[in-house]
Structures are given as structure tokens and as C-alpha cells.
Amino acid sequence: MMRALNSLWITLSSRIPALVFLAWLYAYVWLMKGGRYAAYLNPKLWPFLVMAVTIALLFLISAIRRSPTRSHIRGGAEMWLQAILLGLPLLFLWVIHGESLGAHTLTKRSLSLNMGVPAAVQSTDADPAASISKDGAVEAVTLVELKIDRRQELIGKRVSTDGIVYRGKERLRDFLLEELPAESFILFRFRIICCAADAVPIGVLVSGNIPDLKDNSWIRVAGRYVIKEIGGDAVPCIKAEEVHEIPPPPPEERYLFRQRSWN
Amino acid sequence: MARNSVNPFSETHSETHVHQPSLKLAENGFAILQWGFILAAGGMLYYYAQSDGPVRDTLAEMFTIFVSIVLEALPFMLLGSLAGGVIEVFVPQEKLSSLLAQRKLSAILIAAGMGLVFPVCECAIIPVVRRLLRKGIPFSAAVAYLLAGPLVNPIVAVSTAVAYMGEWRMVLLRLGFGYAIATGVGLWMSWFFEGKAVLRGEEGHGEHVHQQGSSCNCEDHLNLSHEHAEGNTQPITFWGRVLAAMGHASDDFLDVARFLVIGAFLAGVLRGLITESSIVGLMVGHPFVSIPLMMVVAMLLNLCSEADAFVAASFRNLIPLPGQMAFMVLGPMLDLKLLLMYSGVFQKKVILVLASTTFTAVLLGMIGLGSFTR
């Protein structure tokens, strides 16, 4: 009996490394299928995932070629410890897939609403003539285009963009606002450089006749993109003409990503 | 058995196993801590599944960041382990040792700049350095490469330039400080540890245990994969060597990657608890306070060296330049995740001296920068 148990222990322990590499191989292939990894990483990192799959496969082959020896009796407990620790992220991935950073995370991050707009920029809010295309077609843009990539070009134009609602008032000073104007809220999304650990919120103020929206709900806003003067700061703002609640996008489409280029 | 000092398949690694009661106790304590971590993480996951509202949101944020860090870092850990395995089998130990041992200063200066030619991230470099140390390269050069490799490289230079909108002064300062601090710490560490046992598992040895015989200190996996019975002196085929390299590499990966998991989990938990505005609030109007605080933040956030410049740049209007620079220089050298990974490679006293010296060097460097730029 003891001999059989010992034999089983040796066999199982000797296969632990192979099981670890197989599990990670499967996880990376699953993440790459349909671009699921964009729920955690910048899609530009795909070559590294291909590299990970290749190396994990090589390690798997190497682990399978090994035969059980006495080392697995001595090191069995250590091997199980390694395997459980390396399996832990996979368990968490399986449980939390579908979650993403939202309004709750925004309250802990720095978001400068006037970021990227020089203080000297004159308010375009009060002057209709400042509108370049007041009655022009609505252009669908991302918050990154609005705030960073095309900020000068889009001022005064009618735009449409998607994002998450934040209506909390307790952290307005952190957003460099003294007060939130009446009937307004913050529309934001997270932008990832490498992975969710470095996610930075990008947001604009939205004002206008707004339906009752809850924090963390996904909406599509269409309206004129203007510069408002609030508390001496030039704050980019969408004067909302239409606001629709939309279903949250799939996890891999919730973040915006930094392209690796000069901009 | 005819022992061949350059044969990576030989069995001399068994000489390095130390069976002291105190060491066994320390190893058992280490294992208990890891089991404790597994229980705590499992408990938090269970609590997440049962909870609702802000608590669930906070836990979801922590776990998302944890999983993201592991998913991002693991490919580089695999690559680093593979490189370490290749070094172990294909780089002749005696040549490497004799080439570098006699030229300590130039070895440090070259090692600190190696990242410019072979850019590696902080996760990939640890298995490589472990193998290089086992091959007998001077400890000071290994430290210089360990600290500077993830920082003084073209990828970090470009990402810093992009984050700071082409402000090359920031790039030069970051890489310059990184190089200078890595060489300085390398020299300082050689004062204490050159020629001594520094790797985990070598406790009790006064001298470096790998100066003779194989550099392999793995478990006896070589028995498993290479079918090299004692006394077998037949030449090793190329494919045999490739398989041996894979064996070493996968063992390194299994040994070190678990510390990445623990570090990433702690980083996720801290990232979910820290409010950036509270940190910034402490620094506004206190330029010298910003330096140590941003260093602590860098250690807690565990960002990769390609991404941290973007986070530092987001503090540009709030924190003085030395604080931003402290964040960018220390992060790739020393953070929570790296400290845990170091603990899988180095002895505790080595980590203590390495961490305190690096922290102090960055702090002094940035205070100097602050005085110069006021």
C-alpha cells in the first residue's frame, strides 16, 4: 500500500511542471483568441504573448521528457507549492474575467480635467461664433482624440464619444475643479500604456440637460466640444445635445490604448 | 567520475547542497510564509465572490491589476529563464570567469551599459543574472547589470522621450543617473560580497561555491532529462545540450516566477488601496519630501520600466523634477515585486545591503539633482 502511494506521489510530482506549463500555455492561447488579453494588456504586446506561448511549449516538451526520480520524493512538497503559486493567477483570471477598472478606481487616480489645454486658451463656450462647425455633422471620436491627439482640431466641433459616468462630488479638487457646474458630470475612460496597473484616466466634463445617470454606467454623448472657464481654468467640456445609456462593451474593448508612436 | 569543470551535465551540483539545521529551518519558514500567502489570497478571492458594492469593486480592481501584472511580466520571465538556460549550457564557465574576474572595474562599467545592446526588463533579467553568477562573473558586475539593464536601454529611452513629449533632458538624466547609480552600487557591493557566497541555498559557505565544477545548482533534474549516468563521458550532442538548456530554464522559471506572483498580488492590493491625490497632497510645496515619497510610491506600484515614465509624466505639473526622476530611476531597480524575486535568488543579507544601498544612492542622487535644479 505504502509502496503504491509512494509510486503515485512520485508520478504526480514529476508531472507537476508539465501541468503548470500546459495550464499557462492554454491560458495564453485562450487570451489571444478574439483579443481577450486586451482586457488586461495593450494589444500592441501581442508579439510577447506569441513568444510566451512558444517558450511555454518548449518548456512543456522538456518537462514531459523527464522521467520520475527520487528528487520528486524529496522536492515533492516544494513542487506542489510552486505549482499552486503559479496556478493562482490563472484561478483569479478565471474568476474575475469580465471585471474592469471603473468609477471606483477613478476616485483613487489623478485626473486633470484641464490637462493638455493651455490656461491662456480663450473660452469658446459663451461665444457661438467660436464654433467652427456648429451645425456640422457629428464626428465619432475617442476621449484620447478629444483630450490629446486632436484636441485643438476638435474644439468647436460637434462630436460623439463613449465613456463611463462619474458624478461623485467628493473628489472634485483632485480633478482641479473648485466646483462641478450644475447639471454636469465627468465622462471618462482608462487608457493603458502596458497593463492595467498603469491605467490613467482620461476624462472631460459633460454639461447640459442630462438624464439621471448612475456612476459607472456606460453612455454615448453627442454635442459640441467647447472650452469652459471654470475657477480660472480652461476646462474642455462637451455641451451635450444627446445622451444615451449604452451596454458596457466587452471587456477587451473597455480601455483605450496608447499607440507606440510620437503624438 | 571524471569531473569536467565546464561540463554543465556533470553532477557536481550536489556539492552545493547544504544540510544545516538552521538553513532547513529558514527554508521551512519560507515555505510556511508562501503557504500562508496562498491561504490569504484564496480567502480574499472567496470574500470577493461573496461581497457586493464598494468592497467588491475594490477587490475586483486589486485582482485585475494583479492578473494584468502577471500576464505582462510572465513572457519576459520565460524569455529571461530561457536566456539563463542557454547561458548555463552554451557559455563556457572558465572562459567567462577568467575574462571578467581580472578586470573588475571595466566589467562593472561594461555590465551597466549592457542593456543598451541587450535590452531586458526587470523580470527577465533576474534568471539571467542568477545564471551569470553561477558561471562565475564578478558579483559587482552582476549587480551593475541587474540594476542598470532594465533602465539603461533604448526601449526605456524612447518611452521616456514619448512620455515627456520629446524632452531629451529627461531621457539623459534618467539613463545617466541609472548608469551612475548602478556602477556605484556595483562597486559598493563588491566591497562586501565579492568572492563570497551570495546566492540563496549557499548559506554557510564562506566562499563562492561555484568556482569549481558545474555552475548548475538545480535539483537533480539533469538526471531526469539528459540520461547522463555517472561516468558517462560520451560527447553531448547539440540537441542534448538544447534539451539540457530547456531543463535548466524551466527549473529557473518555476523557482523564480512564484515570487513574481506574490509580488504582483501585493502590488495589486496596494494599488487598490493607495489614493494618488493623498500622496500628491503630501508633496505639494515640499520639493525634498517628494523624493523619498515618490521612491516609496515607485516601490509600491511595481510598474514596468517601459510604462513608468507615462505615470511619472502625469505628475509633471504637481511634483518637482527630482521627485519624478526618483520615481523613474528607482522603480526598475527596486520594487516590491523585485524584492520578492530577489529573495528567490539572493541571500537575505545580500538583499538587505543591495536594497538599502540602492535606495540611499537614488535618494542622494536626487537630492543632488534637486539642489542643482532649484
Side-chain angles (χ1 to χ4, degrees), chain A residues 14 17 20-21 24 31 37 40-41 45 48-49 51-52 55-56 58-59 61-63 65-71 74-75 77-79 81-82 84-86 88-89 91-93 95-96 99-102 104-105 107-110 112 171 173-174 193-198 200 258 260-262, chain B residues 31 34-35 38 41 45 48-49 54 57-58 60-61 63-72 74-76 78-79 82 162 166 219-221 223-225 243 246-247 249-250 253-255 257-258 261-262 264 267 271 274-277 280 301-304 306-308 310-311 314-315 317-318:
Chain A
S14 69
V20 169
F21 292 122
W24 271 101
L31 283 164
Y37 64 95
Y40 309 94
L41 307 174
L45 294 177
F48 298 110
L49 302 195
M51 178 186 81
I55 298 174
L58 291 172
F59 287 2
I61 293 166
S62 162
R65 278 180 56 91
R66 294 181 182 182
S67 55
T69 69
R70 59 190 163 75
S71 74
R74 190 181 69 226
E78 179 78 357
M79 282 190 164
L81 183 59
Q82 287 177 351
I84 293 170
L85 281 168
L86 283 167
L88 216 52
L91 176 66
F92 277 74
L93 171 66
V95 173
I96 63 141
E99 296 273 10
S100 54
L101 307 182
H104 184 75
T105 309
T107 61
K108 297 172 199 155
R109 304 287 166 95
S110 297
S112 165
R171 291 195 63 247
R173 280 178 176 275
D174 300 331
I193 300 150
C194 288
C195 77
D198 60 48
V200 176
R258 183 178 183 91
R260 289 168 186 229
S261 61
W262 295 85
Chain B
Q34 292 172 62
W35 284 111
I38 291 167
L45 190 62
Y48 158 81
D57 289 343
T58 302
E61 179 190 350
F63 298 160
T64 302
I65 292 170
F66 161 54
V67 169
S68 302
I69 293 175
V70 174
L71 290 178
E72 188 201 3
L74 222 62
F76 298 101
L78 285 162
L79 182 66
L82 185 65
V162 173
E219 290 293 322
D220 53 353
H221 75 270
N223 290 334
L224 319 179
S225 57
L243 281 171
M246 294 298 154
S250 59
F253 175 80
L254 291 170
D255 212 24
R258 58 181 153 158
V261 171
I262 299 172
R271 194 82 170 108
I274 292 172
T275 305
E276 287 178 2
S277 60
V280 172
L301 294 190
N302 299 266
L303 300 175
C304 81
E306 193 193 340
D308 57 2
F310 294 93
V311 176
S314 71
F315 291 117
N317 298 326
L318 303 166

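Letters A, B, ... are given to chains in the order of the sequence lines, protein chains preceding strands, and every chain is numbered from 1.
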Find the distance between [atom1] ([X]) and [atom2] ([Y]) and round it off to the nearest 0.5 Å.
| X | Y | atom1 | atom2 | answer |
| --- | --- | --- | --- | --- |
| A/E78 | B/Q34 | CD | CD | 6.5 Å |
| B/M246 | A/R65 | CE | CZ | 11.5 Å |
| A/I96 | B/F66 | CD1 | CZ | 9.0 Å |
| B/L82 | A/F59 | CG | CZ | 5.0 Å |

> For the residue pair B/F63 and A/F92, does the interplanar ring angle fall in the parallel (under 30°), tilted (30 to 60°) or perpendicular (over 60°) class?
Replying inline: perpendicular

Heavy-atom pairs under 4.5 Å with chain A are the metric here; pick the option from [options] that has the most.
| options | value |
| --- | --- |
| B/I274, B/I65, B/L74 | B/L74 |
| B/F253, B/F76, B/W35 | B/W35 |
| B/I69, B/V261, B/I262, B/L71 | B/L71 |
| B/A257, B/A267, B/A249 | B/A249 |

>> What verdict does the side-chain contact (heavy atoms from CB on, under 4.5 Å) test give for B/I38 and A/L85, after you've listed the backbone C-alpha separation in whole Å, the side-chain angles of each residue and the deciding distance to 0.1 Å?
In response: CA-CA 7 Å; B/I38 291 167; A/L85 281 168; 3.6 Å; yes

Of all the heavy-atom pairs spanning [X] and [Y], show the shortest one and how long it is.
| X | Y | result |
| --- | --- | --- |
| B/E72 | A/C195 | OE1-SG, 3.3 Å |
| A/L49 | B/P75 | CD2-CG, 4.2 Å |
| B/R271 | A/A197 | NE-O, 3.0 Å |
| B/T64 | A/A196 | CG2-CB, 4.3 Å |

> Should A/L81 and B/R258 be marked as a side-chain contact (heavy atoms from CB on, under 4.5 Å) after you check the CA-CA gap, both sets of side-chain angles, and the distance that decides it?
Replying inline: CA-CA 9 Å; A/L81 183 59; B/R258 58 181 153 158; 4.0 Å; yes

>> Taking side chain as everything from C-beta outward and backbone as N, CA, C, O, which of these in A/I61 sits under 4.5 Å from a heavy atom of chain B? Side chain, backbone, both or neither.
In response: neither

>> Does any backbone or side-chain atom of A/Y37 lie under 4.5 Å from a heavy atom of chain B? Answer side chain, backbone, both or neither.
In response: neither

> Checking B/D308 against chain A: side chain, backbone, both or neither under 4.5 Å from a heavy atom?
Replying inline: neither

> With chain B, which of A/L93, A/T105, A/L101 has the greatest number of heavy-atom pairs at distances under 4.5 Å?
Replying inline: A/T105

> With chain B, which of A/A52, A/P89, A/A56, A/S100 has the greatest number of heavy-atom pairs at distances under 4.5 Å?
Replying inline: A/P89

>> Within the 4.5 Å heavy-atom criterion, are A/K108 and B/T58 side-chain neighbours or not?
In response: yes

